[in-house]
Amino acid sequence: MKYDPPRDSTPDVPCAQLKEPFPPRDLNADPILEDLPLPPIPDSLIAFVSSNKRLTPKTHWQDVREITFSVPGIINYKPGDTLTIFPQNFPDDVQALIDLMDWNDVADEPLKFQVEGCAAFFDKFLVPPAPKDCWMMPKSTLRDLLTVNLDITAIPQRSVLEILAHYTDDPTHKERLLEFSNPAYTDEFFDYATRPRRGILEVLQDFQSVKLPFNIVTTVFPVIRGRQYSIASGGIQKISQKDTTDVQLLVAVVHYKTVLSKVRRGLCTRFLAALPPDANLMVRFESECKFYENLDLKPKLPLILVAPGTGLAPCRSLIWERRELAFQGIDFGRHYLFFGGRNKDADYFYEHEWKNENFKVEVYPAFSRDDPTGKKVYVQDKIRENGDLIY
């Protein structure tokens with residue numbers, strides 16, 4: 001049986017028998033995330049949000065955030081270093097899954113979770129971490145596991161759909177799920193899951209006859225991994241107050257519509273966008289020592305920096321770090337910044353900073369959507385125009 005993917009004018013469900021007690025949530029109306037669990041992730045630190053500021057106008061299609069975190073202690077991060085964010089699922093999504101699977105009776109009971117054999121790799125990502133003699137979560141619950149550890153919105157692999165097929169008594173649903181999991185029906189799987197970016201939670205909402213036992217959740221849902229973001233701050237910006245370090249990220253919130261006109265947002269950027277000031281979360285600093293090695297050895301070296309969009313983050317960190325040299329009486333070279341964006345009025349990030357001569361920045365901006373003739377201009381065009389300078 002060939003699967004005919006739904007059109008925009010038809011319900012986004014695989015067959016007519018499906019009920020709809022769980023309508024798709026409006027992801028534009030995400031609640032503010034407060035009182036987040038703080039799992040003891042190895043080598044991580046507790047950070048709190050100092051500010052969460054949108055840099056692009058609300059009328060612009062892309063939401064770009066400057067998020068400032070304060071971390072206890074003095075951390076001398078360098079340009080090119082990254083901050084790992086450990087996102088979590090939204091409570092409403094977790095509750096929707098619990099309701100759908102009839103897990104309310106067990107959702108808040110303490111779990112004892114034992115990892116054995118080939119599943120042992122989980123103990124690096126599932127938290128709280130294991131004691132030396134036994135991997136278990138004596139005080140954690142299924143709700144905690146679904147909130148902190150497992151990506152319930154991930155696009156499923158074929159093997160996951162095959163597992164789901166074993167937990168339904170509906171013959172039509174079983175046939176559909178087995179079809180999607182069959183390599184012979186690659187196009188059908190692509191049209192149903194990959195192309196519209198349909199997550200596992202949505203699949204379960206489509207096939208509501210599927211009822212999974214709670215103790216196989218780590219087989220069905222992949223582990224949430226930390227996401228690394230280039231640090232956008234440096235120099236004097238690091239100093240917040242005594243025994244506290246500030247760090248800034250420049251983050252574009254992943255937000256788009258699929259061919260089915262359904263809104264999709266990235267797990268981590270959606271999480272970051274919903275963080276209010278003073279929210280606590282776990283972060284980890286990662287050192288990238290090869291980004292720029294001559295900060296102290298050759299401060300007078302002029303630099304050519306190429307930065308499209310939020311790729312400006314590590315370049316800004318480096319500019320601020322070199323600006324700090326002036327306070328030490330050390331002269332530093334100029335920065336030739338080739339910056340690419342779409343619109344000057346919407347995503348010319350930190351334009352006001354580059355006008356300050358103390359930073360010694362000469363900007364060569366390229367905005368691909370501003371030319372009235374429709375001609376698109378990119379950073380490589382600006383580099384070509386300034387070939388003599390580059391040489």
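The figures that follow rest on heavy atoms only: side chains count, while hydrogens, waters and symmetry mates do not.
- With hydrogens and angles left out, the side-chain atoms of Ser50 and Ser70 include a donor and acceptor closer than 3.5 Å.
- Annotation for Asp35: atom CG does not count as buried by contact number, only 12 or fewer foreign heavy atoms lying within 6.0 Å.
- With 3.5 Å as the limit, one finds a donor-acceptor pair spanning the side chains of Gln95 and Asn104.
- Inter-residue side-chain proximity for Thr269 and Tyr229 is flagged as met; some heavy-atom pair is nearer than 4.5 Å.
- A cation-pi geometry, defined here as NZ or CZ lying under 6.0 Å from the six-membered ring centre and within 45° of its normal, does not hold between Arg323 and Phe332.
- Residue Gln157 places its CD atom among 12 or fewer non-hydrogen atoms of other residues, nucleotides or ligands, all under 6.0 Å distant.
- In this structure, Asp170 contributes its side chain and His173 its backbone to a donor-acceptor pair below 3.5 Å.
- Between Val283 and Ile85 the shortest side-chain heavy-atom distance falls below 4.5 Å.
- Screening Leu55, Asn52, Leu249 against Glu66 for a side-chain contact (heavy atoms from CB on, under 4.5 Å) leaves a single residue, Leu55.
- In this structure, the side chains of Asp246 and Lys238 stay at 4.5 Å or more apart for every pair of heavy atoms.
- Summarising the geometry, atom CG belonging to Leu100 is positioned 7.0 Å from atom CG belonging to Leu201; distances are rounded to the nearest 0.5 Å.
- By the neighbour-count criterion of 12 heavy atoms within 6.0 Å, atom CD1 of Ile46 is sparsely surrounded, having that number or fewer from other residues, nucleotides or ligands.
- Looking only at side-chain heavy atoms (C-beta outward), Phe367 and Asn343 stay at 4.5 Å or farther from each other.
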